[in-house]
Engineer: 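Sending over a structure as structure tokens; questions will come in a sec.
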2 protein chains.
Amino acid sequence: MTESETATGGRPTLESVAELAGVSRATASRVVNGGAGVRAALREKVERAVAELGYVPNLAARTLVTRRNRAIGVVVAEPEARFFSDPFFAQHLRGISRELAAADNQMVLLLAEDERDHERIGRYLAGGHVDGVLLFSLHRSDPTPETAQRLGLPFVIGGRPGWPGAESDRDLVYVDNDNRGGARLAVQHLRSLGRTRIATITGPLDQTSSIDRLDGYRDLFPDGDGDLIAVGDFTVDGGIRGMTELLARRPDLDAVFAASDAMASGAMRVLRAAGRRVPEDVAVVGFDDVESIAAWTEPTLTTVRQEIEEMGRLMTRLLLRRLNDPEASAPSSVIIPTGLVVRGSA
Amino acid sequence: MTESETATGGRPTLESVAELAGVSRATASRVVNGGAGVRAALREKVERAVAELGYVPNLAARTLVTRRNRAIGVVVAEPEARFFSDPFFAQHLRGISRELAAADNQMVLLLAEDERDHERIGRYLAGGHVDGVLLFSLHRSDPTPETAQRLGLPFVIGGRPGWPGAESDRDLVYVDNDNRGGARLAVQHLRSLGRTRIATITGPLDQTSSIDRLDGYRDLFPDGDGDLIAVGDFTVDGGIRGMTELLARRPDLDAVFAASDAMASGAMRVLRAAGRRVPEDVAVVGFDDVESIAAWTEPTLTTVRQEIEEMGRLMTRLLLRRLNDPEASAPSSVIIPTGLVVRGSA
DNA sequence: CTGAAAGCGCTAACAA
DNA sequence: TTGTTAGCGCTTTCAG
């Protein structure tokens, strides 16, 4: 009995390809992997056999020897629903997916909601199933960076990591958009419109994106008035609360910079209810440029645009580069510029 | 030389665990896999060794012999941006992720945007890296179901598949929410409010969800008036166009059922601009219950709620059941009930 | 109950 | 250029 195509679940193996082509398994392997250094005649034979059998390499076997998975893990640690309620998440994934596909790598999505998930993910990473990790929504207590570090798994972070005392030797590579610069853009725009009493509604101050946006605002008000700052939470409700508060404290304000489009829309509702016209009485600028909000308020929302998909692509490219050239100097973090999109509200 | 912990990239192997515990590799393996039939004393030794070394099984090696990956693929074929612009996508993923995590399986996300992607995905599936497939946004031309079928890969579809002449022997298993019933609910509600000239704005009619929602509407108007039906596309703009059209054709209408919340919000804008009060003059019901829209229009939107996360969970459960018990009769498709959420607009 | 041994499908020296 | 030969780390008969 010829004993090819063994009990492999019906799927042809390299062995059976080699047999059909009349070559050794090694030669077949060479052809499958690019065919460098194989005589054309043989190569064709093998290629024919591959086609005829519909051979596809078994990656588990390949991984076992090459120690390369052609897969990267995307870890999203977001117990809060935020990641799921705005398009941020999906846009990131799309950017990552595109870049990964171009390099013929796969994306393994790891969502962490609780302690057990983190543990499971740790096991998974330790299992060696991915060649690198992309990390989002890093919280101070997140064990993943350390796990990855210990395992020698390259990783890149999305968004500036939060903890303040990040040891310098453990310089984390991250990609972020220019929150601070974007906030400055927004406030400068309001100023250029002649507004002088410019308030802001911030995001939750335990997130770096919120902090950076607030810092951008403060850059233009070195001697800032605390009454003009309300702490929000990126949601519509937060915008409503923040605006209500601001209006009570400073009824004379003539502009608001909200650190998210959702908050901006909430703020606009409050303003309208209070009889203030936007932008005549109070100009409003948001942040994010979420189309489903910004193109949609009345008036339409002037806001700061961030290139989220680009962020995903960039993170991926950074990670892949590191994988392919581990000895290269660690890439440095990247900040992607933001831009102002002027519409009706300011 | 003791020759344990070989050049395995530093990671401990079963071999090293066995050595440290003073047992054979086979016994160590047994313990790692549940420990059935191993004397307590030995088991403890092995467990200690595992803990001490921080041993984690190498899944590539395990897969190679067990032919099980503990991973399932999620294929999303959506060239259009829709999947990325509404929370549908993310909610599905969350449901899938939760269910998968509970069964200690991983999720491999495969996004297909063009022909090349489909090809790559086909190769990936053929490579045997996942044990089953979850499929979304199936288009008629989508090659994945056939690929999966050919490979003997179990799969479950999200949303009723589109093609009309689905051969009966090839009965596809899918999970959908009750679009038709939900639409009926909406229209019945409008009727119960005393409305008689009830219009509808549909989704794109090449999607089964749109068709089913329209059918639900028609169920209540067996002798329907074509003038009361406008074809939309699920977007805000589509709602605006549809409503404008309807108003021109039937200025006397007193209610609208929009097949998506986004369209409903567009419709409300048009109504307001036309001086019609909602709900006094025209009652509006949407579909989806996307919080960021429905809780947010003025007045808030009465709409049909679908349990998207539950859909994801159910699909996953169906698939896993099939994996664990391949001989069981093929599960049948499931339709998840929808419900009406009454708010301000109707 | 435990260990020895035979592979899973593939790549990578090393020889020829 | 090609084939031979070792494994990669793990599970799983099969003996004992």
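Note on naming: letters A, B, ... go to the chains in the order of the sequence lines (proteins, then strands), and numbering restarts at 1 for each one.
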Engineer: Strictly by side chain to side chain donor-acceptor pair (under 3.5 Å), give each pair with a member in residues 33-47 of chain A just once, sequence neighbours left out.
Structural biologist: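 For residues 33-47 of chain A: A:S29-A:N33, A:N33-A:R62.
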Engineer: The side chain of B:N58 is closest to which nucleotide in this list: D:dG3, C:dT2, D:dC10?
Structural biologist: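 My answer, after comparing the listed nucleotides, is D:dC10.
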Engineer: Mind checking what makes salt bridge (charged side-chain N to carboxylate O under 4.0 Å, His left out) contact with B:D176, not counting sequence neighbours?
Structural biologist: none
Engineer: Expressed in angstrom and rounded to an integer, what is the separation of B:L59 atom CG from D:dC10 atom P?
Structural biologist: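 Answer to the nearest Å: 10 Å.
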Engineer: Holding to side chain to side chain contact (heavy atoms under 4.5 Å, CB included), I want the full list of residues that pass it with A:L20, two or more places apart in sequence or in another chain.
Structural biologist: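 Expected list: A:A49, A:E52, A:L53.
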Engineer: Do the side chain of B:D114 and the main chain of B:R116 share a donor and acceptor less than 3.5 angstrom apart?
Structural biologist: yes
Engineer: Under the ring-ring contact (aromatic ring centres under 6.0 Å, His included) test, which residues partner B:Y124, sequence neighbours left out?
Structural biologist: B:H129
Engineer: Between A:T13 and C:dG9, does any side-chain N or O lie under 4.0 Å from OP1 or OP2?
Structural biologist: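 For C:dG9, OP1/OP2 do not have a side-chain N/O of A:T13 under 4.0 Å.
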Engineer: Treat primed atoms plus P, OP1 and OP2 as sugar-phosphate and everything else as base, then score nucleotides 11-16 of chain D 5' to 3': B for base contact with protein heavy atoms under 4.0 Å, S for sugar-phosphate contact only, - for none.
Structural biologist: BBB---
Engineer: If each of B:L64 and B:G37 is mapped to the nucleotide of DNA chain C with the nearest heavy atom, which maps nearer the 5' terminus, i.e. the 5' end?
Structural biologist: B:G37
Engineer: Go through the structure and list residues passing side-chain hydrogen bond (donor to acceptor under 3.5 Å, both in side chains) with B:S97, not counting sequence neighbours.
Structural biologist: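 For B:S97 there are no side-chain hydrogen bond (donor to acceptor under 3.5 Å, both in side chains) partners, ignoring immediate neighbours.
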Engineer: May I have the distance from B:R67 (atom CZ) to C:dG7 (atom C1'), rounded to whole angstrom?
Structural biologist: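 That distance rounds to 11 Å.
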Engineer: Using a cut-off of 4.0 Å on non-hydrogen atoms, how would the nucleic acid contact of A:L42 be classed: base, sugar-phosphate, or nothing?
Structural biologist: sugar-phosphate
Engineer: Report, one line per pair, each donor and acceptor closer than 3.5 Å where one atom sits in a side chain of residues 100-112 of chain A; sequence neighbours left out.
Structural biologist:
from	atom 1	to	atom 2	distance (Å)
A:D104	OD1	B:R123	NH2	3.3

Engineer: Provide, to the nearest angstrom, the distance between the CZ atom belonging to B:R68 and the C1' atom belonging to D:dC10.
Structural biologist: 17 Å
Engineer: Not counting sequence neighbours, which residues clear salt bridge (charged side-chain N to carboxylate O under 4.0 Å, His left out) with B:R70? List them please.
Structural biologist: none
Engineer: What is the separation between atom CD on B:E19 and atom P on D:dG9, rounded to the nearest whole Å?
Structural biologist: 14 Å
Engineer: Measure the angle between the two terminal helix axes of the helix from C:dC1-D:dG16 to C:dA16-D:dT1, five base pairs each, and quote it to 10°.
Structural biologist: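 So the angle between the two local helix axes works out to 40°.
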Engineer: Just wondering, do A:R313 and A:T316 contact through their side chains at under 4.5 Å, heavy atoms?
Structural biologist: no
Engineer: Measure from CD on A:E15 to P on C:dG7 and round the result to the nearest Å.
Structural biologist: 12 Å
